[in-house]
Protein chains: 2
Amino acid sequence: MKLTEAEWQIMNALWQKHPATAREVMDRLDRRVQWAYTTIKTMLTRLVEKKAVGEIKQGNTSVYDPLVSQQKARLSAFRSLLDQAFDGAMGPLVHFLAEEKQLSAKEKKELARILESEAENKGE
Amino acid sequence: MKLTEAEWQIMNALWQKHPATAREVMDRLDRRVQWAYTTIKTMLTRLVEKKAVGEIKQGNTSVYDPLVSQQKARLSAFRSLLDQAFDGAMGPLVHFLAEEKQLSAKEKKELARILESEAENKGE
DNA sequence: AAGATTTTACTACATCTGTAGAAGGCGCCA
DNA sequence: TGGCGCCTTCTACAGATGTAGTAAAATCTT
């Protein structure tokens, strides 16, 4: 389930609250996104075709519901990034994150802390 | 500097060893990628147009060199993913990673460990 | 130097993406 | 009941992307 950039915008809005009509999706779209109503309808239609979203008619109006969870979509995007840009492995990503000056030490520590504790209590 | 999927393939090959000719890039392409020589040339040309790659003629043959570092490209891809799929923040990503069963506790701990130590000695 | 091989520069073309307009249908209000 | 406003379905269309073929020029090989 590969989503395009524009599709992510729509999905993000839909995950926020659903089921939702096209108009509701529109209202919840990121502020930076200023699309015509029909553009949103087009995206929604394409997402329905891709089975990423379900559509039911409520009278004359369509109501949409995500068919893929945010978690699933995120996983797929994450894996793609890993494959494409990090040799498909966590190692290079970790290395990159560690090297990256753009991430403050604070962010890194936070990241480390959460992962640490998660690994602790969910560890197998 | 946004790279497409196909462009990543080329860049990955080019970062491996450079400068390199189109033919050398071809030889280093991921095994799964079976492109015609001219396809590679086309990609290279487009990358030159985008200023992601430099080109110099060595006699009749072009030799290419990356103009963007792998680190930079990775950062840009990482940020895009963050913006698009994780509300632009590390928080949700961390959360996702922690929740994600696909990542073993071992991987998580490893990740945590490296980040922790990095944060320690480079910390500001 | 002629043939074989390699490279280059152009052109091609189907899909996918982003973005929307047009036109027709439906319900509600005056 | 005639509009007004909102919803729907279709159609459009340019630019990006993936993937190459052609033909001509340069180079190597005997």
Side-chain angles (χ1 to χ4, degrees), chain A residues 1-14 18-65 73 76-77 80-81 83-85, chain B residues 1-14 18-65 73 76-77 80-81 83-85:
Chain A
M1 196 46 42
K2 186 88 167 174
L3 301 174
T4 71
E5 258 180 78
E7 287 169 348
W8 268 98
Q9 293 297 152
I10 302 285
M11 292 307 286
N12 282 335
L14 197 51
H18 57 92
T21 64
R23 178 100 10 216
E24 290 171 323
V25 165
M26 189 171 188
D27 293 338
R28 282 188 181 65
L29 274 184
D30 184 300
R31 239 155 248 43
R32 282 160 296 185
V33 181
Q34 294 297 328
W35 288 332
Y37 177 82
T38 51
T39 297
I40 290 157
K41 280 293 285 182
T42 300
M43 298 308 303
L44 248 3
T45 299
R46 289 183 186 171
L47 284 165
V48 169
E49 277 160 20
K50 301 175 90 161
K51 317 272 194 201
V53 163
E55 171 178 24
I56 23 165
K57 284 272 189 180
Q58 212 95 104
N60 177 47
T61 304
S62 283
V63 179
Y64 302 89
D65 233 323
S76 148
S80 290
L81 180 69
D83 283 350
Q84 179 151 92
Chain B
M1 195 45 43
K2 185 86 164 176
L3 302 173
T4 71
E5 257 180 79
E7 287 170 347
W8 268 98
Q9 294 295 153
I10 302 285
M11 293 307 287
N12 283 333
L14 197 51
H18 58 92
T21 64
R23 180 110 356 228
E24 292 171 323
V25 165
M26 191 171 186
D27 294 339
R28 283 191 178 63
L29 273 184
D30 184 299
R31 239 154 248 45
R32 282 161 297 185
V33 180
Q34 295 297 330
W35 287 332
Y37 177 82
T38 50
T39 298
I40 290 156
K41 281 291 287 184
T42 300
M43 296 309 302
L44 248 2
T45 299
R46 288 184 187 169
L47 284 164
V48 169
E49 276 161 19
K50 299 174 92 163
K51 316 271 194 203
V53 163
E55 172 178 25
I56 24 167
K57 283 273 188 181
Q58 213 94 106
N60 178 48
T61 305
S62 282
V63 178
Y64 303 89
D65 233 323
S76 148
S80 289
L81 180 69
D83 284 351
Q84 179 150 92

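Each chain gets a letter, A, B and so on, in the order its sequence line appears, and its residues count up from 1.
Nearest heavy-atom pair, B:S76 versus B:M1, reported as atom, atom and distance to 0.1 Å: OG-O, 3.4 Å.
Between the CD atom of B:Q58 and the P atom of C:dT8 there is a distance of 11 Å, given to the nearest Å. Taking atom NZ of B:K41 as the reference point, atom P of C:dT11 lies 16 Å away to the nearest angstrom. Distance, B:W8 CH2 to D:dG18 C1': 18 Å, rounded to whole Å. Rounded to whole Å, the distance from CG on B:L44 to P on C:dA9 is 11 Å. Note: CZ (B:R23) to P (C:dT5) measures 13 Å, nearest angstrom. A:I40 places its CD1 atom 14 Å from the P atom of D:dC6, with the value rounded to the nearest Å.
Remark: A:D65 engages no residue in a salt bridge (Lys or Arg N to Asp or Glu O under 4.0 Å) (not counting sequence neighbours).
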Quiz item: Where do A:E55 and A:L44 land on the side chain to side chain contact (heavy atoms under 4.5 Å, CB included) test, with the steps shown first?
Solution: CA-CA 9 Å; A:E55 171 178 24; A:L44 248 3; over 6 Å; no
Self-check item: Stepwise side chain to side chain contact (heavy atoms under 4.5 Å, CB included) test for B:V53 and B:M11
Solution: CA-CA 9 Å; B:V53 163; B:M11 293 307 287; 3.5 Å; yes
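OP1 or OP2 of D:dT8 lies within a sub-4.0 Å distance of a side-chain N or O belonging to A:S62. Between B:Y37 and the phosphate of D:dG21, there is no side-chain N or O to OP1/OP2 separation shorter than 4.0 Å. B:K57 has no side-chain polar atom (N or O) that falls below the 4.0 Å cut-off from OP1 or OP2 of D:dA25.
When each of B:V48, B:L47, B:I10 is checked for a side-chain contact (heavy atoms from CB on, under 4.5 Å) with B:Y64, only B:V48 meets the rule.
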Practice problem: Could you run through nucleotides 13-23 of chain C and give me one letter per nucleotide, 5' to 3': B if any protein heavy atom sits under 4.0 Å from the base, S if only the sugar-phosphate is that close, - if neither? | Solution: ----BBBBBB-
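In this structure, the side chain of A:Q9 does not engage the main chain of A:A6 through any donor-acceptor pair within 3.5 Å.
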